[in-house]
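Okay, so here's the structure we're looking at.
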Amino acid sequence: MNTLGIQLHVWWTTTVTDTRDRLAAAAHDDRGEVTSSTALIVLLVTAAITAGGIIAAKLIANANKVPSP
């Protein structure tokens with residue numbers, strides 16, 4: 001095996017080992033977990049933005065119906 005082949009083999013082995021170790025550590029880590037309260041907050045914010053958009057659209061439609069003097 002030439003030196004490039006050896007370097008690629010070492011790189012591949014190191015990468016696989018590091019990836020396996022990180023995945024094992026991530027399996028026991030809950031920092032990225034989305035809780036139910038976070039999901040509920042997202043839903044409520046989305047509903048509030050939607051309601052604001054509907055109200056704004058109705059206000060603009062009513063303002064456009066007002067005849068000019």
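One distance of note links CD1 of Ile54 with CD1 of Ile49; it measures 12.5 Å at 0.5 Å rounding. For the atom pair CG (Asp18) and OG1 (Thr13), the distance works out to 10.5 Å, reported to the nearest 0.5 Å. To the nearest 0.5 Å, atoms CG (Leu43) and OG1 (Thr38) are separated by 11.0 Å. Between Leu4 atom CG and His9 atom NE2 the span is 13.5 Å, to the nearest 0.5 Å.
Note: the hydrophobic cluster containing Trp11 also contains Val16 (ILVMFWY, side chain heavy atoms under 4.5 Å, direct or indirect links).
The minimum heavy-atom distance linking Thr46 with Val42 is given by the pair OG1-O, 2.8 Å. Shown here for Thr15 and Thr19, the closest heavy-atom pair between the two residues is O-OG1, 2.8 Å.
Listed by chain and residue number, Thr35 satisfy the side chain to side chain donor-acceptor pair (under 3.5 Å) test with Ser37 (two or more places apart in sequence, or in another chain).
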